[in-house]
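So the structure is just underneath, and the comments pick up after that.
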Amino acid sequence: MRTKVTKAIFPVAGLGTRFLPATKSVPKEIMTLVDRPLVQYAIDEARAAGIKEFIFVTSRGKGALEDYFDNAPQLEQALRKTGKTDLLEILKSTNMDSGEVAYMRQHKPLGLGHAVWCARRLVGNEPFAVILPDDVIAGSKPCLQQMVEAFEETQANIVAAMEVPDDKASSYGILDIQEDRGDLVLTKGMVEKPAPGTQPSNLAVIGRYILTPTVLQKLNKKQVGAGGEIQLTDAIDDARADGEEVYGYRFKGHRYDCGTKAGFLRATVAFALAREDLRDDLRAFLHEVTAADKAAE
């Protein structure tokens with residue numbers, strides 16, 4: 001019997017120290033690309049993939065994130081009163097229905113694997129997705145939707161994958177490839193943050209996963225891996241070692257690493273240039289800046 005993926009885990013417990021002092025009071029996940037928070041891009045991608053239950057693994061100080069998905073009656077009333085129906089519809093699209101979203105606390109920063117493990121009781125014995133909002137992926141078809149379609153065929157663990165340069169491989173989980181089938185790559189191992197020059201390939205895991213309940217069982221071991229943390233890739237590879245297939249999926253789209261300042265700025269410019277209401281003004285400004293830089297040289 002083929003199963004569907006209807007639950008997704010969003011690990012959002014990180015402190016966002018790279019973005020201090022902004023993240024002193026504002027959770028990184030609700031910092032905005034143009035006019036939408038990072039987490040809204042992740043939610044929209046999940047909905048497009050058929051996700052019905054949204055599980056957030058949070059930590060102390062994330063109250064603003066929870067408030068973001070709640071109704072805002074006073075603001076809605078003000079928009080309705082002033083006839084701003086377009087803004088009212090946008091606002092309503094950010095609301096999450098009661099029972100649709102759940103929050104779990106990760107009390108200690110013990111790694112991505114531990115964050116996923118925290119949601120085990122809400123996931124139960126079903127396949128599930130994991131989405132890291134730091135990774136924003138632009139494409140004609142949302143990345144997770146592509147992966148769900150692949151899962152419907154394989155019914156196996158799938159991780160989003162992309163090629164990275166040699167000097168960047170040590171920052172990622174890297175796939176050891178058994179068979180390359182194009183979009184899908186059957187793996188024979190995964191290595192979390194390999195030492196420079198030791199990576200088995202240049203195919204890196206990025207922040208989208210579709211996983212089986214076996215991975216949660218492996219996380220029960222709370223095995224400490226690279227960086228002294230409980231690594232999700234280790235649990236996925238343990239499931240593979242026990243006989244489950246694990247595939248890398250070469251998604252179609254462009255990934256922006258919004259966990260870094262440079263990546264966040266690149267994404268902001270790219271998403272703004274994709275907007276008809278912003279494109280012309282931004283292009284003119286970028287042209288002015290480029291011309292001024294050349295003149296200064």
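Everything quoted here is computed from the prediction, not taken from an experiment.
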Will you find, in the side chains of [X] and [Y], an N or O donor that is under 3.5 Å from an N or O acceptor?
X      : Y      : answer
Thr187 : Gln178 : no
His114 : Glu229 : no
Glu245 : Tyr247 : yes
Ser59  : Gln106 : no

May I ask you to decide if [Y]'s main-chain N or O and [X]'s side chain share a donor-acceptor pair within less than 3.5 Å?
X      : Y      : answer
Arg120 : Trp117 : yes
Asn202 : Glu163 : no
Tyr41  : Leu33  : yes
Gln146 : Lys141 : yes
Asn71  : Pro73  : no
Thr32  : Asp35  : no
Arg208 : Leu144 : no
Gln155 : Thr3   : yes
Thr23  : Gly16  : yes

pair [X]-[Y]: side-chain heavy atoms closer than 4.5 Å:
X      : Y      : result
Cys143 : Glu45  : yes
Thr260 : Arg18  : yes
Arg240 : Asn157 : no
Lys62  : Pro27  : yes
Leu91  : Leu75  : yes

Would Glu29 and Tyr68 count as a side-chain hydrogen bond (donor to acceptor under 3.5 Å, both in side chains) if you check the C-alpha gap in whole Å, the side-chain angles of each, and the deciding distance to 0.1 Å?
CA-CA 10 Å; Glu29 296 78 21; Tyr68 172 76; over 6 Å; no

To check you understand the geometry: which heavy-atom pair defines the closest contact between [X] and [Y], and what is its length?
X      : Y      : result
Leu273 : Arg279 : O-NE, 2.8 Å
Pro194 : Ala169 : CD-O, 3.7 Å
Phe251 : Ala160 : CD2-CB, 4.0 Å
Ala161 : Leu175 : CB-CD1, 4.0 Å
Tyr172 : Val205 : CD2-O, 3.7 Å
Asp135 : Gly207 : OD2-N, 2.7 Å

Please walk me through it: do Ile230 and Leu219 pass side-chain contact (heavy atoms from CB on, under 4.5 Å)?
CA-CA 8 Å; Ile230 299 171; Leu219 287 171; 4.1 Å; yes

Does the pair Lys218/Asp237 count as a salt bridge with the N-to-O cut at 4.0 Å?
no

Tell me whether Asp257 is salt-bridged to Arg266, with the criterion being a basic N under 4.0 Å from an acidic carboxylate O.
no

Could you see if [X] belongs to whatever hydrophobic cluster contains [Y]? Use Ile, Leu, Val, Met, Phe, Trp, Tyr and a side-chain cutoff under 4.5 Å.
X      : Y      : result
Leu122 : Phe128 : yes
Val130 : Val12  : no
Ile236 : Leu184 : no
Tyr209 : Ile206 : no
Val116 : Ile131 : no

Ile210 vs Val148, test: side-chain contact (heavy atoms from CB on, under 4.5 Å). Steps then yes/no.
CA-CA 8 Å; Ile210 296 178; Val148 164; 3.8 Å; yes

Should we say atom [atom1] of [X] is surrounded by more than 12 heavy atoms from elsewhere, each under 6.0 Å from it?
X      : atom1 : answer
Arg181 : CZ    : yes
Arg275 : CZ    : yes
Arg36  : CZ    : yes
Gln77  : CD    : no
Glu179 : CD    : yes

Supply the atom-to-atom distance [X] [atom1] to [Y] [atom2], rounded to the nearest 0.5 angstrom.
X      : Y      : atom1 : atom2 : result
Thr82  : Arg80  : OG1   : CZ    : 10.0 Å
Ile90  : Lys92  : CD1   : NZ    : 12.5 Å
Ser201 : Gln199 : OG    : CD    : 8.0 Å
Glu149 : Ile158 : CD    : CD1   : 10.5 Å
Leu203 : Asp180 : CG    : CG    : 8.0 Å
Arg283 : Glu288 : CZ    : CD    : 14.5 Å

Set out, in order, the CA-CA distance, both residues' side-chain angles and the distance that settles ring-ring contact (aromatic ring centres under 6.0 Å, His included) for His287 and Phe285, then state yes or no.
CA-CA 5 Å; His287 179 74; Phe285 171 71; over 10 Å; no

Only one of Asn95, Val39, Thr94 passes side-chain contact (heavy atoms from CB on, under 4.5 Å) with Phe69, and that residue is Val39

Give the C-alpha distance, both sets of side-chain angles, the deciding distance and a yes or no for side-chain contact (heavy atoms from CB on, under 4.5 Å) between Ile9 and Met104.
CA-CA 10 Å; Ile9 300 172; Met104 299 293 296; over 6 Å; no

Full working for salt bridge (charged side-chain N to carboxylate O under 4.0 Å, His left out) between Lys7 and Glu126:
CA-CA 8 Å; Lys7 297 181 179 180; Glu126 299 180 31; 3.4 Å; yes

Run the numbers on Phe264 and Tyr256 for side-chain contact (heavy atoms from CB on, under 4.5 Å), then give the verdict.
CA-CA 7 Å; Phe264 192 93; Tyr256 297 94; over 6 Å; no

Please report the C-alpha distance between Arg250 and Asp183 in whole Å, then the side-chain angles of each, then the deciding distance to 0.1 Å, and finally whether the salt bridge (charged side-chain N to carboxylate O under 4.0 Å, His left out) criterion is met.
CA-CA 5 Å; Arg250 289 189 176 100; Asp183 289 344; over 6 Å; no

Between Phe56 and Phe10, what is the ring plane arrangement, given parallel below 30°, perpendicular above 60°, and tilted in between?
parallel

